[in-house]
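Every chain is numbered from 1, with letters handed out A, B, ... down the list of sequences. Keep in mind that the numbers below use all heavy atoms, side chains included, and drop hydrogens, waters and symmetry copies.
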Number of protein chains: 2
Amino acid sequence: MLSLSEENHLKSIFHLSINSEDGVSTNSIAKNLNTKASSVTEMLKKLNEKLLIVYIKYHGAQLTELGRKTALKIIRKHRLWEVFLVEKLDFKWDEVHEVAEQLEHIQSEKLTNELDKFLNFPTHDPHGDPIPNPAGFIKITPKLKLSDLGIGETGKFIGVKDSSSAFLKYLDKRKISLGCNIKVLHQEEFDQSLHIGLDETNLTISIKSASNLYITKI
Amino acid sequence: MLSLSEENHLKSIFHLSINSEDGVSTNSIAKNLNTKASSVTEMLKKLNEKLLIVYIKYHGAQLTELGRKTALKIIRKHRLWEVFLVEKLDFKWDEVHEVAEQLEHIQSEKLTNELDKFLNFPTHDPHGDPIPNPAGFIKITPKLKLSDLGIGETGKFIGVKDSSSAFLKYLDKRKISLGCNIKVLHQEEFDQSLHIGLDETNLTISIKSASNLYITKI
DNA sequence: AAAATAATTTAGGCTTACCTAAATTATAAC
DNA sequence: GTTATAATTTAGGTAAGCCTAAATTATTTT
């Protein structure tokens, strides 16, 4: 079993890996975790010993397959809890992170899988990020925005990019809620604003708003 | 903010206080937490400093009002999570404890109170123990068993004493589930078994089973 | 390519929360 | 009320996870 700090380092390396082909640097991890480089070095040695990363002195760290799976299991929990908080406990999308950071470390496979079932096996968290399966498998697809759709296409609303309270209120007022289907009906030439069709109503949103909505094609 | 270990010590002292008028002994806490007396002594000094307990060398510890409230807030979380696990995630009553031990340490008042609301403000956990309110207030009432009711009285089923899997299956089969109302219709003189009325059906249960069911009078 | 700068690691400390063994105090037995 | 026993505390040590400052290695500049 991994310590809280080990888990956090793994997660950090995973997230930082996405935008970097080779090893993740000591400094970037330190910045990410709000800690010092020397502390990170220590931890990298330990994770290397445990075969979770490959660490070469002065050349950063890379996750092994085991490390990747382990990180994704933690991320799975994080994202499931985020869905729970938003869908069941009325948290706003910008309030969930801090709590999910704690909940992701709870150790109980049964808990995680039952939660998954209870939430009806969600595929994405409220920020539009995909939820790994129990084995730590994830299908990486580029995040699609509503503004990426062509006329006539339909997308399922899975998350927001900017989760400012102003934007969330904007969505609330227009009854645009997580999971609803949005069809792009027409685009204004003048300002690129989009006419969209929701379950019941049609409405117009700015291109700026549209590029703030993550969707999956249907 | 308290550390995990501080929280566990407080909780332990609270539970051990119930069956002892004066201070809780160092040894009993050590036994309860699976740790050594010397470690407990250290912690008692610290909790005393923080005004959570009154600790007198060689004479054990007693919770202060602050310590009691603090302990009860942790216990509130523990019991709410137990309800969640049983009611929403299909955990059995004997599977919840280990997970609730972890969940009780999550820090977020919003989370706790939203969970409470989501669960519809339950008054008791699946073991029949009362759930403190957000301020850490609890009404201590002796645990009432179904076997304590008189003929004609009705109780709400709030928990079990022995949560062996055999007994839980017994309840399942008879559709006796948490929260249902049970009316005592008649008692056999021969073996003291009870005829009881459930929401829909009537049935007979042994006195042994009846004394294993915690209820609140209605 | 040497020098300057930046990144990283090492060395050595600190705190928390444990531990064992020895010393001290309380309690029970006589 | 001593004495034996049990409970508790103190002293001193360990591991994890953090830190600062100094030393080392990489990288960038010139």
With a distance cut-off below 6.0 Å to the six-membered ring centre and an angular limit of 45° from the axis, does A:K145 pair with A:Y214 as a cation-pi contact?
-> no

d(CD1, B:I29; P, C:dA17) in whole Å | 15 Å

Should the pair A:K11-A:E104 be classified as a salt bridge under the 4.0 Å nitrogen-to-oxygen rule?
-> yes

Using atom CG of B:N8 as one end and atom C1' of C:dA17 as the other, report the distance to the nearest whole Å.
-> 12 Å

Check whether any side-chain N or O of A:R79 sits under 3.5 Å from a backbone N or O of A:P130 as a donor-acceptor pair, and report yes or no.
-> yes

Are any non-hydrogen side-chain atoms of B:L52 and B:L2 less than 4.5 angstrom apart?
-> yes

How close or far is atom P of C:dT16 from atom CG of B:L47, stated in whole angstroms?
-> 13 Å

Along nucleotides 14-25 of chain D, 5' to 3', which nucleotides get a B, which get an S, and which get a -, given that the test is a protein heavy-atom distance under 4.0 Å?
-> --SBBBB---BS

Let me know the distance between CE of B:M1 and P of C:dT15, rounded to the nearest Å.
-> 19 Å

According to a strict under-4.0 Å criterion, is A:N27 in side-chain N/O contact with OP1 or OP2 of C:dA6?
-> no

What are the atom names and distances for every N/O pair under 3.5 Å that joins the protein to nucleotides 1-4 of chain C?
none

Strictly by modelled atom types, are A:D22 and A:H59 linked by a side-chain donor-acceptor pair under 3.5 Å?
-> no

Separation of B:K45 atom NZ from C:dA17 atom P, in whole Å?
-> 14 Å

So A:F118 and A:F84, would you call those rings parallel, tilted or perpendicular, with 30° and 60° as cut-offs?
-> tilted

Nucleotide C:dA26, atom P - distance to CD1 of B:I56 in whole Å | 12 Å

Would you say a side-chain N or O of B:K57 is under 4.0 Å from OP1 or OP2 of D:dA7?
-> no

Report yes if a side-chain nitrogen or oxygen of A:S25 is closer than 4.0 Å to either non-bridging phosphate oxygen (OP1 or OP2) of C:dA7; otherwise report no.
-> no

Are B:S25 and B:N27 linked by a side-chain donor-acceptor pair shorter than 3.5 Å?
-> no

What do you reckon, are the aromatic ring centroids of A:H97 and A:H78 less than 6.0 Å apart?
-> yes

Looking at side-chain heavy atoms only, is the closest gap between B:I29 and B:V24 below 4.5 Å?
-> yes

